[in-house]
Asker: 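To start, I am sharing the structure in question, which I have written as structure tokens.
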Amino acid sequence: MQQVNIRFTSSGYVVRIGSNLLPRVGQETRAIARSPRAAVITDAGVAAHYLDPLLASLRGAGLQAEAAVVPAGEASKSLTQAGELYDRLLRARLDRGSVVVALGGGVVTDLAGFVAATYMRGIAWVAVSTTLLGQVDASVGGKTAVDHPRCKNLIGAFHQPSLVLADVSTLATLPDEEFRTGLAEVVKHAVIRDAQLFGLLETRPDPILGRDPDALEDVVARNVKIKADVIMADPHESGLRRILNYGHTVGHALESAAIEGSGKLGGAPVTHGRAVALGMMAEARIALARGLIGSAPVERQRQVLKRFGLPVQLEASVDLERCLALMQHDKKALAGRLRFVLPEAIGAVRDVDDVAEDEIRQALLSLTSD
Ligand SMILES: NC(=O)c1ccc[n+]([C@@H]2O[C@H](COP(=O)([O-])OP(=O)(O)OC[C@H]3O[C@@H](n4cnc5c(N)ncnc54)[C@H](O)[C@@H]3O)[C@@H](O)[C@H]2O)c1
Ligand SMILES: [Zn+2]
């Protein structure tokens, strides 16, 4: 097992990464709780595999634990769902000293973290993360939110968990597409911050793709360290944390444009990871055209993404003009020029705020003819 400490000026918590961590959730939660009641919030897809052992661990540690199971999928990140959960917590008589345990991927940790942030003005929560994306990204950093019908993550709060457990054994049951989405974020972290991790992805992809527990523990721990460094330097997203947006300015726009259109991206149904992979390729091409980065590192990024089953070529059917319009609406747009995080080398990025629409158009076009 590995451990990463996250420290802020007045608080801190631990992220533990390893195999078979579920049985210890009870003892660890008991140590955090100031009352004997706890609630597990999870989704139906995760509950089928892991809810019973988790409840057994909590009850075994002497906690009165209730479970609330929401439907799997982004639609559960809503104020309506949060409202139902407040009812559940009240009926289970959770008080200010109780703990919410979030068991699931990013949807569950965002939702349960938000409910914990707002119930009785904020109670403690523990994140038990079960997706690769959750373990390397969503469960660390304290950003919690639900979606507004017109805007994802609009309603939220910064509320750090008291503990994060990334049990890599749970990744064995994760569907392939979900695993690949997590890998896209892993490649992102390597490109923005860690040439050594990138080298590992390049030279030893097989144990990762084969979900070897030791390889996963190593990769998740390296990623948590990267995310931890960034958020500790910038807990409220006022500066450095922006580098985590690499691939996401173009990626989000591509994701939305493809969902509005054919529903396909890079030849398969749209996922966040597929969009981010193409977003990273487009943003690396913008950097290449500006002379910020050479062609060799861009090609290395392309090969790693391909090896991980992520797309690097864009179908002509994606509406690029719609995609550009969506980007202009993005909150990062400044007077028609867009702000981007562009790579300068593997492991280093730069914040640039003067990218013109035509540079993005050319980069996207270059991906359609690859
Ligand atoms: N707070 C943050 O900093 C942050 C960062 C990145 C993403 N996010 C959010 O994360 C969400 C996406 O999270 P996600 O990609 O983890 O998706 P998810 O939570 O929807 O999980 C994906 C699917 O996999 C299933 N699943 C989860 N773990 C499983 C397991 N171990 N075995 C079998 N099935 C399993 C779930 O039931 C679900 O159907 C988005 O809402 C996004 O906004 C938040
Ligand atoms: Zn992402």
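Values below: all heavy atoms of this structure, side chains included; hydrogens, waters and symmetry mates excluded. Both ligands and their constituent atoms are indexed starting at 1 by order of listing.
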Asker: Among the N, O or S atoms of E185, which one sits nearest to the Zn ion (ligand 2)?
Answerer: OE2
Asker: What is the distance from atom CG of L183 to atom CG of L132, rounded to the nearest 0.5 Å?
Answerer: 5.5 Å
Asker: Out of all atoms in ligand 1, which are within 4.0 Å of some heavy atom of N153? Include the element for each.
Answerer: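 Result: 43 (O).
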Asker: Answer yes if L244 and V136 sit in the same cluster of Ile, Leu, Val, Met, Phe, Trp and Tyr residues linked by side chain heavy atoms under 4.5 Å apart, and no otherwise.
Answerer: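 Cluster IDs for L244 and V136 match.
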Asker: Under 2.8 Å from the Zn ion (ligand 2), is there any N, O or S atom belonging to D137?
Answerer: no
Asker: Applying a heavy-atom cut-off of 4.0 Å, say which part of T144 lies close to ligand 1: side chain, backbone, both or neither.
Answerer: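 Near ligand 1, T144 shows nothing, with every heavy atom at 4.0 Å or more.
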Asker: Nearest to atom 20 (O) of ligand 1, what protein heavy atom do you find, and at what distance?
Answerer: V107 CG2, 3.2 Å
Asker: Tell me whether R211 forms a cation-pi arrangement with F179, defined as NZ or CZ under 6.0 Å from the six-membered ring centre and within 45 degrees of its axis.
Answerer: yes
Asker: Got a donor-acceptor contact below 3.5 angstrom from the S256 side chain to the H252 backbone?
Answerer: yes
Asker: Do any N/O atoms on T181 end up under 3.5 angstrom from N/O atoms on ligand 1?
Answerer: no
Asker: Please round to the nearest 0.5 Å and tell me the distance separating atom CG of D137 and atom OG1 of T131.
Answerer: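 Between D137 CG and T131 OG1, I get 9.0 Å after rounding to 0.5 Å.
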Asker: Quiz question: by atom type and distance under 3.5 Å, do the side chains of D167 and T170 form a donor-acceptor pair?
Answerer: no
Asker: At a non-hydrogen distance cut-off of under 4.0 Å, which region of E185 contacts ligand 1 (side chain, backbone, both, or neither)?
Answerer: neither
Asker: When you compare ligand 1 with T131, is there at least one nitrogen or oxygen pair between them that comes in under 3.5 angstrom?
Answerer: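 Yes, at least one N or O pair falls under 3.5 Å.
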Asker: What residue and atom, counting heavy atoms only, is the protein's closest point to atom 3 (O) of ligand 1, and at what distance?
Answerer: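 Answer for atom 3 (O) of ligand 1: K227 NZ, 3.6 Å.
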Asker: What atoms of ligand 1 come closer than 4.0 angstrom to any heavy atom of V46?
Answerer: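 Close to V46: 26 (N), 27 (C), 28 (N), 37 (O).
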Asker: Which is it for T130 and ligand 1 at heavy atoms under 4.0 Å: side chain, backbone, both or neither?
Answerer: both
Asker: Out of curiosity, L320 CG to M327 CE, how far, rounded to the nearest 0.5 Å?
Answerer: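 If I round to the nearest 0.5 Å, the distance is 8.5 Å.
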Asker: Relative to ligand 1, is H272 under 4.0 angstrom through side chain, backbone, both or neither, heavy atoms considered?
Answerer: neither
Asker: Test your reading of the model: is there a side-chain donor-acceptor pair from S98 to the backbone of S35, 3.5 Å cut-off?
Answerer: no
Asker: Quick test of your reading of the model: are E202 and R300 salt-bridged, counting only N-O distances below 4.0 Å?
Answerer: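 Answer for the salt bridge query: yes.
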Asker: I'd like to know if R337 and E357 make a salt bridge, using a cut-off of under 4.0 Å between side-chain N and carboxylate O.
Answerer: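 No salt bridge links R337 with E357.
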Asker: Counting only heavy atoms, tell me which of T173, I231, D43, V70 gets closest to atom 38 (C) of ligand 1.
Answerer: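 Of the listed residues, D43 has the closest heavy atom.
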Asker: Report the distance from atom CD1 of I346 to atom CD1 of I192, rounding to the nearest 0.5 Å.
Answerer: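 Atom-to-atom, I346:CD1 and I192:CD1 are 12.0 Å apart.
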Asker: With nothing but distance in play, are any N or O atoms of D137 less than 3.5 Å from an N or O of ligand 1?
Answerer: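 No.
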Asker: Could you tell me whether R34 atom CZ has more than 12 heavy atoms of other residues or ligands within 6.0 Å of it?
Answerer: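 At most 12 heavy atoms, drawn from other residues, nucleotides or ligands, come within 6.0 Å of this atom.
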Asker: Using 30° and 60° as the class boundaries, would you call the ring planes of H236 and F158 parallel, tilted or perpendicular?
Answerer: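 Because their plane-to-plane angle is over 60°, the rings of H236 and F158 count as perpendicular.
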Asker: Which atoms of ligand 1 are found less than 4.0 Å from any heavy atom of K77?
Answerer: 40 (C), 41 (O), 42 (C), 43 (O)
Asker: What part of P175, side chain, backbone, both or neither, has a heavy atom within less than 4.0 angstrom of ligand 1?
Answerer: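 The side chain, only.
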Asker: Just to check, does Q135 reach to within less than 4.0 Å of ligand 1 when the distance is taken from its heavy atoms?
Answerer: no
Asker: Considering only heavy atoms, which of K152, E178, H49 lies nearest to atom 24 (O) of ligand 1?
Answerer: E178
Asker: With the Zn ion (ligand 2) as the reference point, give the N/O/S atom of H272 that is nearest.
Answerer: NE2
Asker: For ligand 1, which part of A138 has a heavy atom less than 4.0 Å away: the side chain, the backbone, both, or neither?
Answerer: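 Both the backbone and the side chain of A138 come within reach of ligand 1.
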Asker: Does ligand 1 come near enough to G106 that some N or O of the ligand is less than 3.5 Å from an N or O of the residue?
Answerer: yes
Asker: Using a 4.0 Å heavy-atom cut-off, say whether T109 meets ligand 1 through its side chain, its backbone, both or neither.
Answerer: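 Near ligand 1, T109 shows nothing, with every heavy atom at 4.0 Å or more.
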Asker: Just to be sure I read this right, does ligand 1 sit under 4.0 Å from the backbone of L174, its side chain, both, or neither, counting only heavy atoms?
Answerer: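 It is both parts that get close, each with some atom under 4.0 Å.
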